[in-house]
Amino acid sequence: MRNEHSAAEKIKEISGTNPLKCMKCGKCSATCPSFNEMDIKPHQFVSYVVNEDIEALVNSKSLWKCLSCFACVERCPRDVKPGKLIDAARQLVVREKGGDYLKADEIPELLDPELPQQLLVSAFRRYRR
Amino acid sequence: MQELINRAKELLADGTVARVLGWKAGDLPYNPEPAYFETEESLKDFVYNGFCGANLSKYMIEASKLEGKTLVCLKPCDTYSFNQLIKEHRVDREKAYIIGVGCKGKLDIEKIRKQGIKGIESISGAEITDEAETLTIQTIYGEKTCAYKDAMLERCHVCKGKEHKIYDELMGESKETKDADRFAEVEKIEAMSPEEKFAFFQNELSKCIRCNACRNVCPACSCRKCVFDSNKFDSAQKANVDSFEEKMFHIIRAFHVAGRCTDCGECSRVCPQGIPLHLFNRKFIKDIDTFYGEYQAGEDTTSKGPLTNFTFEDVEPSIVAERG
Amino acid sequence: MSIETNEEFRPKIVAFCCNWCSYAGADLAGSSRLSYPADVKIIRVPCSCRVNPMFILRAFEKGADGVIMCGCHPGDCHYSTGNYYARRRMTLLFSMLDYIGVENGRTRVEWVSAAEGVKFSQTMNEFVEKIHSLGKNVRLEDLRCRS
Amino acid sequence: MQRIGVFVCHCGSNIAATVDVKKVVELAAKEPGVVHAEDYQYMCSEAGQAKIQEAIREKNLTGVVVCSCSPRMHEATFRKAAERAGLNPYMVEIANIREHCSWIHKDMEEATKKAVILARAAIAKVNLNAPLQPGESRVTKRALIIGGGIAGIQTALDIADAGYEVDIVEKTPSIGGRMSQLDKTFPTLDCSACILTPKMVEAAAHEKINIYTYSEVEHVSGFVGDFTVDIRKKARSVNMDKCTGCGVCQEKCPSKKIPNEFNRGLNNRTAIYTPFAQAIPNVPVIDRENCIKFKTGKCGVCSKVCQAGAIDYDQQDEIVTQKYGAIVVATGFDTIKLDKYDEYAYSQSKDVITSLELERIMNAAGPTKGHLERLSDGKAPKELVFIQCVGSRCSDDRGKPYCSKICCMYTAKHAMLIRDKYPDTNVTVFYIDVRTPGKNFDEFYRRAVEQYGVNYIKGQVGKVIPQPDGSLLVQGSDLIDNKQILKKADMVVLATAIEPNPDVRKIATMLTASIDTNNFLTEAHAKLRPVESPTAGIFLSGVCQGPKDIPETVAQAGAAAVKAIGLLAKDKLTTNPCTAKSDELLCNGCSTCANVCPYGAISYEDKEVNDHGIRETRRVAVVNTALCQGCGACTVACPSGAMDLQGFSNRQIIAEVDAICR
């Protein structure tokens, strides 16, 4: 079990953002291309971190649905960067051994010959410890 | 010299001037001193030779308060100081009758001594009218010679020129003596490391005995009361017990005359400790020339001095750090 | 004798600030809670042109490790032209200090407007850091004044 | 030796939380000259001031040091308090232990140490203070208003009604300002022109008001009560006395393709033009940059058709120099540029407009004669989307960190007006918060929702995507429903942030008035002196000080007028006694000081002096204290130290230096 407080602090540290700057305008959710596939919406990432409800955040579908396109980061008027928050939450999981979304041996089946090699390599680099 | 004395007698006799400000022989053959002559008779003691380095323009501050005109003998470089004093309302042009006297460079007894010439009894070849290139010196050890040039004051090697900037009449020939770069010494110091610079000035200034000779002779240091003597800055009457005191004194002195100093070199000439004080003034002159355009104090009597002037585009003080 | 090395070096820094721009800029830094080291002590003067080179030398004589002068930006002087004179004076003075071997980072001029609280704080942080890197001002300190 | 009292303020916890106030008292009490030291919660309060006064009387204090907030805040307060207790006010000095200490340091020990040093410096200074007497200077009974919008007009009218001469300087060819561009005004929906035009006419007709349009302030010198201002009257190329305002020249002008600034560039104007029909003065100007006559030397049509012979191509700029006692800044605002907000497609689609542009479109005198239509194809929009907070409340570098204040209300107004006039048009407003503090403001907003059916969605728009069919796809969020919305719109209106007029920086510099990081002019005190600049004699009216709507602007304009009148009503002002003073026994009479004096305050006199028994006539510097402003340039220029500045003397500053370096 994660310590919720320290996990929230960790997310703030990794993302380098201050969620308290959020003015709840919703521009992140307005701009998100994956909005409909998410259970927790981008603007909610912020309140989940503020409220230190990290367990719910890391168990959400959204954690793996964010494309890291950073449109929300770019357009956030308050410099809160929800995309960075969710990315940090993902890092939190990835940094815990065995917490990976996919097991290594599941991957070959999922491989699509169309998939660029580069994407795989960078995904591994990013999400593997 | 005789011509000069004759002319002085004439002017005294016809009442044009009330007195003559010149030099009279001192107790040694190489130390003539500034003097007033009020009668034709007294002029027999008048001298003007290579050792008459003293700049008489500062004496005109007091002479301006006296009745009648004063005949003052000014060398070319002295006229710059006189102009500067006019600009600052310290002398009265109407009270001065200026005879611009010729100059073939002034002599520095220390330079002669440094060549090992001691026990001096008399010196010939120092006369202003003399064409001689060599000084012949009678000493208790016999006759010695020395090239005139080698005995010249440092300032004469970097002479501003032999043109008188202000005068009523000219008398006597001059000879160009400039053969060195005025800022060469300053540049040499500028090229040193901070430690070397500090050591250099520490060494020079630690000789200072705060006799105030530099201040008293300086035509720009003409304040009725120097800041170092008044209680306005809590700096009065301090003995120089630490090294910073002299630095402060000499920096401030140079700062106070910056833009006003004509580089007459009197400070260095009179320093009993032989401190090259002109290096401070010349540093300011060099900086002023590079930062704000060339400026020669005393060139005229009206231009604005560089420290009472500015342009919108002046360099920032950070230039000092930037140029390294 | 390692007294000096054991103790953290806390520089003495005098900042001359003109009343209209820089002092107000320092006030703004304060009201915006923009911190800078406590080593900086501000002396209020009406204008940067009030700063006499003697004050700066005096500070060094009394043991200051750095002296900074702040004024309105050139062109913005409350008295129209004061900082232009100050700029010439300080340029010449700093050049002279450099000439006699004082590390030139010990003196600085910065133009800080009343709106530049951030700049004021940044400038002071930088300056203190610079003085830290230069260390104690041993060259100019008047030994008698150490207490 | 002085008898000094030291008073250390807690400022509630502002100081006391970081500075050990008791320790400061204890250590200050040991300083030379100090005979009394105490602390108090709020020194600036009446009780705090009473403590100072009591100590002055009981301990016969000759000097006071208050360790408190910035002297810019309460120096005057404490000096007045001391004066009431019989002490010369200039015997009071402030040690700034709040802005310069407690507010910036966190460590108590460190902050306390610094506070003690700051106190010492102030004590050392007071030890050398001398009582000073203020002088007097005259007040020119005339005010200058910079900016001829509603703020400037209102201030001018109020000052003029009090009987003082007022000049308005307006940059554009007509007074009226932003308000003249508006269609209707909230919350009463009366037409802007209907309420503004009478004010403009009143100002123009007022015998005490003189209006310089098409003019700019070029140079300002002097000080409170006695400013000298150069005003550049730009060449209008039309003789104001001859022109009858018939408008034929504008009809005939062949150069017709110049973006019309008044209509925000939505249509064109001619090279000779009046910005709008109700312009005051109703005299056109020739825009020389776009005039064929000025560009090529040929044309001259306007001159030919002008029956009054008013066209004057040779007119030159004219500089008018005038003296003023007070200056009011009323330079107003503009909307920010949207070049950093690509996501809203402002530069890609003609149908994405700013609210100010909508204001012109809705106006009967505007580019569409008041018909709501798309600028791309002239069709009436059926779906209209308003986006709030565009560039406002942004902490990134794209926008402004402040709330522009007026957008919520004007958007409700626009939405309501459109729903009223075009019931078939749907109106959606994306908002973050609806801010409606103001009389009848929330009621107004609720009417838009409840009565007019405006659809308010809480959420911001992420992007606007122009569609091939000419419509706009608005992608926004609905935070209440927790949904992302894709909405087709025919027109999008951006509530663009407002910013101070860009010229204000230049003007503030000339006036030496302070300005904040957002270019709003700073007030002397955010709460207690909101219409005055910290620079004496400069007053602030309207949006140049901060975002405001019309009623607030008018109220502030009146307040600024009252402050200006308060100044103009005085015959004389007491002047700052911290002036330069020359010690005639030390003065060389060298004129160096006069060369650097910006006020020409130094002259020279031949004066009989007695210098320790030597009697002589000397040329000495004399300072005119009415002219001297106390900058101190002369004190440093003076080589002998004869020139000193009262209140900031050489010895005082040196004492501070020594105290700090001790």
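Side-chain atoms are counted along with the backbone in the values below, which use heavy atoms only and exclude waters and symmetry mates. Naming convention: chains lettered A, B, ... in sequence-line order (proteins, then strands); numbering from 1 in each chain.
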Exercise for the section: With rounding to the nearest 0.5 Å, note down the distance linking CG in D/Asp516 to CD in C/Glu116. Expected result: 12.0 Å
Handout entry: Note, C/Lys62 side chain near D/Arg662 side chain (heavy atom, < 4.5 Å)
Key = no
Practice task
Could you tell me whether the side chain of D/His105 and the main chain of C/Tyr36 form a donor-acceptor pair under 3.5 Å?
Solution key: yes
Problem - Atom group of D/Thr635 that falls short of 4.5 Å from chain C, counting heavy atoms - result: both
Exercise for the section: Return the option, out of D/His100, D/Glu656, D/Arg98, with the maximum number of heavy-atom pairs under 4.5 Å with chain C. Expected result: D/His100
Fill in the blank from the handout: All heavy atoms of D/Ile660 vs all of C/Lys12, minimum pair found to be O-CD, 4.4 Å
Practice task
Quick one: which of C/Cys49, C/Ala29, C/Ala115 has the most heavy-atom pairs under 4.5 Å with chain D, could you say?
Solution key: C/Cys49
Handout entry: Crowding at NZ, C/Lys119 (>12 non-hydrogen neighbours, <6.0 Å)
Key = yes
Practice task
Tell me, out of C/Ala24, C/Ala86, C/Cys18, C/Cys21, who's got the most heavy-atom pairs with chain D below 4.5 Å.
Solution key: C/Ala24
Exercise for the section: Answer with side chain, backbone, both or neither: which region of D/Leu645 has an atom nearer than 4.5 Å to a non-hydrogen atom of chain C? Expected result: both
Exercise for the section: Decide whether D/Asn650 and C/Arg50 meet the rule of one side-chain donor and one side-chain acceptor closer than 3.5 Å. Expected result: yes
Handout entry: Beyond-backbone contact of D/Pro71 with C/Tyr23, side-chain heavy atoms, under 4.5 angstrom
Key = yes
Problem - Region of C/Val51 that comes under 4.5 Å of a non-hydrogen atom in chain D - result: backbone
Problem - Nearest atoms (heavy-atom pairs only) where D/Gln629 meets C/Tyr79 - result: O-CE2, 3.5 Å
Handout entry: Pair D/Asn96-C/Asp27, side chain to side chain contact (heavy atoms under 4.5 Å, CB included): steps then yes or no
Key = CA-CA 9 Å; D/Asn96 183 347; C/Asp27 279 357; 3.1 Å; yes
Exercise for the section: Nearest 0.5 Å please: distance from the CG atom of C/Asn19 over to the CZ atom of D/Phe648. Expected result: 6.0 Å
Problem - Closest heavy-atom pair and its distance - D/Cys631, C/Pro46 - result: O-CG, 3.8 Å
Exercise for the section: Check C/Ser35 against D/Ile104 and note the closest heavy-atom contact, atom names and distance. Expected result: CB-O, 2.9 Å
Problem - Greatest number of heavy atom pairs closer than 4.5 Å to chain D - which of C/Gly82, C/Ser31, C/Gly117 - result: C/Ser31
Problem - Residues, nucleotides or ligands: over 12 heavy atoms within 6.0 Å of D/Lys400 NZ - result: yes
Practice task
Examine whether an atom of C/Asp39 lies under 4.5 Å from a heavy atom of chain D, and if so say whether it belongs to the side chain, the backbone or both; otherwise answer neither.
Solution key: neither
Exercise for the section: Would you indicate whether the side-chain heavy atoms of D/Cys661 and C/Val14 approach each other to under 4.5 Å? Expected result: yes
Fill in the blank from the handout: Between the NE2 atom in C/His78 and the CG atom in D/Leu511, the distance rounded to the nearest 0.5 Å is 11.5 Å
Practice task
Heavy atoms only, distances under 4.5 angstrom: which of C/Ala38, C/Cys47, C/Ala114 has the most pairs with chain D? Name it, please.
Solution key: C/Ala38
Problem - Side-chain touch C/Lys41/D/Arg120, heavy atoms, less than 4.5 angstrom - result: no
Problem - pair C/Phe16-D/Val657: side-chain heavy atoms closer than 4.5 Å - result: yes
Exercise for the section: Kindly indicate, with the supporting measurements, whether the criterion side chain to side chain contact (heavy atoms under 4.5 Å, CB included) is fulfilled by C/Arg44 and D/Glu75. Expected result: CA-CA 13 Å; C/Arg44 183 165 71 128; D/Glu75 187 177 65; 2.6 Å; yes
Practice task
Give the minimum heavy-atom separation between D/Asn595 and C/Tyr85, together with the two atoms involved.
Solution key: O-OH, 3.6 Å
Handout entry: Heavy-atom donor-acceptor pair, D/Lys114 side chain to C/Pro37 backbone, under 3.5 Å
Key = no
Handout entry: Closest non-hydrogen atom pair, C/Arg89 against D/Ala637
Key = NH2-N, 3.6 Å
Completion exercise
Bottom line for D/Ala633: the part with an atom under 4.5 Å from chain C's heavy atoms is both
Practice task
May I ask you to say whether C/Arg10 pairs ionically with D/Glu110, meaning some side-chain N is under 4.0 Å from a carboxylate O?
Solution key: yes
Practice task
Using a strict cut-off of less than 4.0 Å between a Lys/Arg side-chain nitrogen and an Asp/Glu carboxylate oxygen, indicate whether D/Glu99 and C/Arg33 qualify as a salt bridge.
Solution key: no
